Enquirer: 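Could you have a look at this structure, given as structure tokens, before my questions?
Just so it is clear, the structure is predicted and the values come from calculations on it, not from any experiment. Numbers here simply count residues along the sequence, with the first being 1. In each ligand, atom 1 is the first atom listed, and ligand 1 is the first ligand listed.
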Amino acid sequence: MVKQIQVVQNILQSNEEIAAQNRRLIDEAGIFALNMMSSPGSGKTTLIEVTARRLADRYRIAMVNGDITTTLDADRAQQAGAGQAVAINTGGNCHLEAHMVRDALNQLDLAAVDMLIVENVGNLICPHGFKLGVHKRVVVASTPEGADKPYKYPSMYTGADVLVINKMDLLPYLDFDLEHFTRGVEALNPGLVTFPLSCTTGEGVDAWIAWLEAEIAANRG
Ligand code: MG
Ligand code: ZN
């Protein structure tokens, strides 16, 4: 039993080392990198499409998409304006690990990238446990998922740098208790930068885009 725990810790350790190497590559290239995490169906890929459409005329965007079997999300991102896209087929793995992102970075022309969006596998349980080497970890929540998510999956929220609450346009039709949700997040991660928005109506998207532009500028050095 103890041995098994040591093996797991060693795996996490080497993941951290590879993540640090990824970070050096990303920083040397002056890239701003995000790790987007959420449950399946939160609208993560749609948010990435909206983001790429809004920024593709001014910034060079690369997309790394973790998917268990398909390249559908990476295809969508590329159609929306992500100049370079790599789909990581995780072969059934339910989260991305640093070595998978390293392999993806090797496929990209990093000198021609301003922002790298890593779309993690849709899963609220384990992705947060694997550092990838990015600057910001973004959790994308959505109103149809229910307001109890921060209470059920606290680690996802504790480790987040930014929170997007997507599908705000559906709020009038759902019994999503925004105050209960916000209280739960605040208890885990006080002052977490939060963008309530709707990819359908566009409400709140300007603030999200402005935040990304400021981060891209800051990481260009
Ligand atoms: Mg997706
Ligand atoms: Zn996993």
Enquirer: Here's a test for you: under side chain to side chain contact (heavy atoms under 4.5 Å, CB included), which of Leu105, Leu108, Ile117, Asn35 qualifies with Val64?
Expert: Leu108

Enquirer: I'd like to know if the side chain of Glu97 pairs up with that of Asn15 as donor and acceptor (distance under 3.5 Å, no hydrogens or angles considered).
Expert: no

Enquirer: Which residues and atoms, protein N, O or S only, are under 2.8 Å from the Zn ion (ligand 2)?
Expert: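 Listed by chain and number, the atoms are Cys94 SG, His95 ND1, Cys126 SG.
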
Enquirer: Does Arg183 pair with Glu179 as a salt bridge, N-O distance under 4.0 Å?
Expert: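 Yes, Arg183 and Glu179 are salt-bridged.
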
Enquirer: How about Tyr151 and His180: are their ring centroids closer than 6.0 Å?
Expert: yes

Enquirer: Can you find a heavy atom in the side chain of Leu163 that is under 4.5 Å from one in the side chain of Phe195?
Expert: no

Enquirer: Scan residues 160-169 for pairs that pass side-chain hydrogen bond (donor to acceptor under 3.5 Å, both in side chains), counting only residues two or more places apart or in two chains.
Expert: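 Of all non-adjacent pairs touching residues 160-169, those that pass side-chain hydrogen bond (donor to acceptor under 3.5 Å, both in side chains) are Asp169-Ser198.
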
